[in-house]
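Remember, it's 1-based here, ligands and their atoms both numbered in the order they're listed.
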Amino acid sequence: MKKIPALTIITSTLILITIFLACSKGGGGTNPPPDPCSGVTVVVNGSAVNPTTTGGNNGSISATATGGSGITYSINGGTFQSSGNFTGLTAGTYTISAKTSSGCTGSKSFTLTDPANPCAGITINVTATTTNPSAPGASDGSITASATGSSGFTYSKDGTNFQASGTFSNLTAGSYTITAKDANGCTGSANFTLTDPNPCSGVTISVTGTTSNPSAPGASDGSITANATGSTGFTYSKDGTNFQASGTFSNLTAGSYTITAKDANGCTGSASFTLTDPNPCAGVTVAVTTNITNNTPCLTANGSVMAMATGGLAPYTFSKDGVNFQSSATFNSLAAGNYTITAKDANSCVGTTGAVVGNLPAGPLFSAVQSMMQTNCAPCHNNTIQNGGMNWTIDCNIVTFKDRIKARAVDANPSSMPPTGLLPLSERQKIIDWINAGGKFTD
Ligand code: HEC
């Protein structure tokens with residue numbers, strides 16, 4: 001039996017079906033209706049916007065068709081929609097089809113391309129958390145960077161060697177530029193600074209010391225030996241600028257000194273020390289002696305004290321009130337009384353002594369007159385009866401008014417005293433002798 005090829009059978013069948021369908025359409029035997037799209041040309045126009053980034057999906061096509069009404073649009077054979085705008089497109093070639101309400105169609109291809117520079121529009125930001133070294137000079141700092149703005153990042157801290165992790169460890173203090181690179185080689189970078197901790201935080205440096213005062217006032221042989229604690233590797237300074245390994249400072253005069261100690265990290269502490277000159281008066285005894293001249297009563301005060309000082313450093317100055325000092329050792333015009341004489345030497349070391357200025361005693365001639373007058377005159381010239389304003393019970397009145405006494409009791413001028421008549425010559429002679437001798441209390 002001769003075989004009939006299968007293809008021949010299928011082809012024949014299709015032809016038969018087509019003939020059948022053509023004959024049954026339109027109620028058999030009549031001509032088919034005219035094609036509504038005959039002579040109709042649907043033209044698609046439009047514009048495309050490329051993705052702004054490589055691989056980006058923000059490309060778009062905006063299509064408009066002419067040639068009919070009720071036009072709907074489809075992209076790549078998809079569902080028709082009323083809008084000719086298609087967004088969210090990646091790079092590629094797209095066919096936009098337009099269909100009128102009559103089913104007439106047209107189409108146009110649009111090609112969207114990625115930007116020539118794959119990094120255009122890409123902004124990669126690098127942020128990081130940093131951990132500073134735990135101690136000055138330590139290499140245990142770290143930076144953990146992360147990047148945004150793209151994907152597929154690798155990270156580098158030298159711009160050359162990239163790693164998947166954004167974490168860089170074992171870092172010393174310093175400034176680091178961390179670069180992040182995305183899958184397209186686009187990069188972004190940022191600087192991060194790791195700082196050593198303050199080496200002096202928590203460090204308290206105490207300075208103590210011993211001092212040796214200058215051996216004499218103004219001498220420059222004092223010294224300070226300072227010692228610091230609280231850290232190590234100290235150097236010392238007494239001016240805060242020049243440091244030396246030793247804590248000993250010599251050849252110092254009296255004064256106040258601030259000694260600063262600085263450790264190996266530059267952390268400092270300081271303390272003040274005061275050197276004092278020795279007391280120049282220690283062991284010095286200024287002795288004061290005086291020559292006293294007593295006062296003569298009934299005259300302007302004329303006592304005097306002449307002082308002499310020994311035991312201190314000349315020159316001395318002298319004072320009788322402890323306040324006002326004079327170079328002269330002699331004090332004149334002193335009334336009787338108790339005085340304290342102070343001598344001060346060149347170092348202001350002082351010594352004092354008491355000086356008693358007395359009154360000179362009455363002289364014999366005065367005493368004779370005074371005695372005679374107490375007997376002969378005082379009864380009419382005393383504290384209650386003062387004839388002519390005279391009170392002869394006060395010795396100095398006798399001295400002061402001696403001329404009047406002579407006038408009245410010796411010369412009876414203008415009349416005698418006592419009023420009853422002159423005293424015997426022997427009594428009057430006492431007045432004459434005293435006045436001739438000078439008429440003072442001490443004569
Ligand atoms: C009995 C009383 C009496 C006796 C004592 C007496 N007088 Fe007088 N004296 C007077 C009377 C009163 C006056 C005032 C009247 C006069 O100045 O005459 C006076 C005044 C004075 C005067 C002041 C007047 C003058 O001239 O400055 C002197 C001085 C004086 N008598 C000295 C003496 C002497 C010195 C004696 C002793 C030697 C003395 N009298 C004894 C009564 C007395």
ask   = Quick one: are D411 and K406 in side-chain contact, heavy atoms under 4.5 Å?
value = yes
Heavy-atom pair of closest approach, residues V399 and F366 = CG2-CE1, 3.6 Å
task = For D182 and N184, indicate whether the former's side chain and the latter's backbone hold a donor-acceptor pair under 3.5 Å.
result = yes
message = Within the 4.0 Å heavy-atom shell around L423, which atoms of ligand 1 are there?
response = 38 (C)
remark   = Residues T290 and T353: closest non-hydrogen pair is CG2-CG2, 3.8 Å
ask   = Under 3.5 Å, is there a donor-acceptor pair between the N50 and D114 side chains?
value = no
query = With a cut-off of 2.8 Å, which protein N/O/S atoms are close to atom 8 (Fe) of ligand 1, if we only count those under it?
reply = H381 NE2, M417 SD
inquiry  = I'd like to know whether ligand 1 has F401 as a neighbour, heavy-atom separation below 4.0 Å.
reply    = no
Under 3.5 Å side-chain donor-acceptor pair for S416 and R408 = no
Heavy atom of the protein closest to atom 27 (O) of ligand 1 (residue, atom name, distance) = R404 NE, 3.0 Å
query = Short question: side chain of D140, backbone of N170 - any donor-acceptor pair under 3.5 Å?
reply = no
